[in-house]
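Protein chains get the first letters and strands the later ones, always in sequence-line order, with residue 1 at the start of each.
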Number of protein chains: 2
Amino acid sequence: MTTRDSPGIQAVDRAFDIVEALNELDGAGVSELARHVELPKSTVHNHLDTLERAEYVVRENGTYRTSLKFLQISETARNQHALYEVGRSEVEHLAEKTGEISALMTEEHGRGVFVYRSRGSEAARIDTCIGDRVPIHCTALGKAILAFLPDDRRAAIIDQHELPAVNHNTITDRGRLEEDLETVRERKIAYDDEERLNGLRSVAAPILDGTDSVIGSISVAGPTHRMKGERFETELPETVLGIANVIELNIQHT
Amino acid sequence: MTTRDSPGIQAVDRAFDIVEALNELDGAGVSELARHVELPKSTVHNHLDTLERAEYVVRENGTYRTSLKFLQISETARNQHALYEVGRSEVEHLAEKTGEISALMTEEHGRGVFVYRSRGSEAARIDTCIGDRVPIHCTALGKAILAFLPDDRRAAIIDQHELPAVNHNTITDRGRLEEDLETVRERKIAYDDEERLNGLRSVAAPILDGTDSVIGSISVAGPTHRMKGERFETELPETVLGIANVIELNIQHT
DNA sequence: GAACTCGTTCGGGACTGTAGAACGTTACTC
DNA sequence: GAGTAACGTTCTACAGTCCCGAACGAGTTC
């Protein structure tokens, strides 16, 4: 559910509200939807009709659900990202090599978006999904990006989203976050010590393009009991950094 | 680009036209977009503003592009499909086992949609992408679905889309197609003999749910010179059929 | 510095999306 | 099997809003 403060085109906002509701409800009928988005049945019906004609929604024996046309849109959108194009295979490589979960993140509207993910043989089962949008300050991936954004941009993002506590270890103090980001800039490595999920630690590195601006980040994540000591402090960071460099090089040659 | 014949909600149709154009153009500015969708700049601007606020569009130094929020939508939409949930790993399995390309298809609005795809070690490079929507009569995957749809449904689809020639081998005659589908029903196997792409042959099997209605299909595809003789006639069909059965069983136990 | 672009803002008028009531069906309940 | 409730859908009229053209400020290019 998107929170919209100032008004845009009403009909468009409503259409997307309906799409999102449809997704949340795992498909629904007109009346159920109407209750959920708090609009008259007829209005919802009208929207569903247009969405169905445009093939963004499918009607199956009386209930509506979002169609896979969104898959088409998102695939072409994602393929346009250099980060995904060259990073994808490296994420798989990293997951295989470490046996853990590896992921790719980029920033949109001040939040971290999981662009891709791959699971190694030992990978923890609980994790977020591709496409998920999370507060950017509570993951290694997010902090790797945040640290290398222009100062004004970073400030704007923190101003807008603030630093909500996602977990007991989440950094909620602006000063402490800046300190942390300073060391991220020095080492080109960011850590997440159970700042988003209990029992999950991760290591991430930023990915910079030819002009030294961040386009995303890459990480390895695993259960705390495996992510410690030498492995957590030096081994994994070196591996991640190496792969980040490979991606950076490949991006400049395309 | 979607062709819309009868009018729905104008603003919604236009919003999606803009999203699609944005995707086609790989990101664009207001003026360029306005020219492309043939609308006044101010109208396009108004839409982009709304879409940006709703986070479906991202503005980056003066140009707009579709955001990865579509990825979030499409991932949850896809995860709702039983076909994808249980079929995904089997497609990977099939691709690995045969060394070729394996794919999953479902039907929406009378067209075939590629839901997932995996490439084996020998896999042909040229292929369609996940999310692509193709005429349903010109692929093995599509014919496997078509053959097992209820008669009225199949007739409606063919009436609506007709049988355009996609390639020199495409079946364009209704009678011939029905004959073909009859043998598909008998064997539970559909073939594509370069009916969509030159040099590409494939074998597909339908996937039925507990009530014997088709929810999709699975295939193996490869270059004609490898897809022939015993392998094409019996070996691959048996493998595909076996895996289709595994998927069907798993679907009924969830 | 003129003459192009570009993105953006603004306001009034035409149109259209909205909402509520009403219809026909289906699915329950008693 | 009548009665009731919920469903999806259709219709109409009015209020509201989306749309467009014109105008503005900011960059570029010649």
Original post:
Once you round it to whole Å, what is the distance between C1' of dG8(D) and CD1 of Ile18(A)?
Top reply: 15 Å
**OP:** Would you mind reading off the distance between Ile9(B) atom CD1 and dG16(D) atom P, rounded to a whole angstrom?
**Re:** 18 Å
Subject >> Reported CD1-to-CD distance for the pair Ile243(A) and Glu248(A), which is rounded to 0.5 angstrom >> reply: 12.5 Å
Subject >> 5'-most by nearest nucleotide on DNA chain D - Gln10(A) or Arg59(A) >> reply: Arg59(A)
Original post:
To the nearest Å, how far apart are Leu48(A) CG and dG17(C) C1'?
Top reply: 15 Å
**OP:** Send over the distance from Glu32(B) CD to dG7(C) P, rounded to a whole Å.
**Re:** 9 Å
Subject >> His45(B) vs dG7(C): side-chain N/O to OP1/OP2 distance below 4.0 Å >> reply: no
Original post:
Would you say a side-chain N or O of Tyr64(A) is under 4.0 Å from OP1 or OP2 of dC7(D)?
Top reply: no
Subject >> CZ-CG distance between Arg78(A) and Leu83(A), expressed to the nearest 0.5 angstrom >> reply: 10.5 Å
Could you write out each protein N or O paired with an N or O of nucleotides 21-28 of chain D at a distance under 3.5 Å?
{"from": "dG21(D)", "atom 1": "N7", "to": "Ser42(B)", "atom 2": "OG", "distance (Å)": "3.4"}
{"from": "dG21(D)", "atom 1": "O6", "to": "Ser42(B)", "atom 2": "OG", "distance (Å)": "2.9"}

**OP:** Could you tell me whether the side chains of Thr170(A) and Thr172(A) share a donor-acceptor contact shorter than 3.5 Å?
**Re:** no
Original post:
Where do Phe16(B) and Tyr56(B) land on the ring-ring contact (aromatic ring centres under 6.0 Å, His included) test, with the steps shown first?
Top reply: CA-CA 11 Å; Phe16(B) 280 105; Tyr56(B) 284 93; 8.5 Å; no
**OP:** Whole angstrom is fine here: how far is it from NE2 in His47(A) over to P in dA19(C)?
**Re:** 8 Å
Original post:
Do other residues, nucleotides or ligands put more than 12 heavy atoms under 6.0 Å from the CZ atom of Arg176(A)?
Top reply: no
Subject >> Check ion pair Arg196(A)-Asp192(A) (N to O, under 4.0 angstrom) >> reply: no
Subject >> Distance, rounded to the nearest Å, where Leu33(B) contributes CG and dT8(C) contributes P >> reply: 12 Å
Subject >> Any Ile251(B) side-chain heavy atom under 4.5 Å of Ile215(B) side chain >> reply: yes
Original post:
Tell me: CG of Leu39(A) to P of dG8(D), nearest whole Å?
Top reply: 15 Å
Original post:
Would you say Arg14(B) reaches dG17(C)'s phosphate, i.e. side-chain N/O to OP1/OP2 under 4.0 Å?
Top reply: no
Original post:
Once you round it to whole Å, what is the distance between P of dT9(D) and CG of Asn61(A)?
Top reply: 12 Å
Subject >> Angle by which the axis turns from one end of the helix from dG1(C)-dC30(D) to dC30(C)-dG1(D) to the other, five pairs per end, to 10 degrees >> reply: 40°
**OP:** Tell me what Asp49(B) touches on the nucleic acid: a base, only sugar-phosphate, or nothing, going by heavy atoms under 4.0 Å.
**Re:** nothing
Subject >> OP1 or OP2 of dC7(D) under 4.0 Å from side-chain N/O of Arg35(A) >> reply: yes
Subject >> Gln72(A) CD to Glu55(A) CD distance, which is reported to the nearest 0.5 Å >> reply: 9.5 Å
Subject >> Side-chain heavy atoms of His81(A) within contact of Arg65(B), under 4.5 Å >> reply: yes
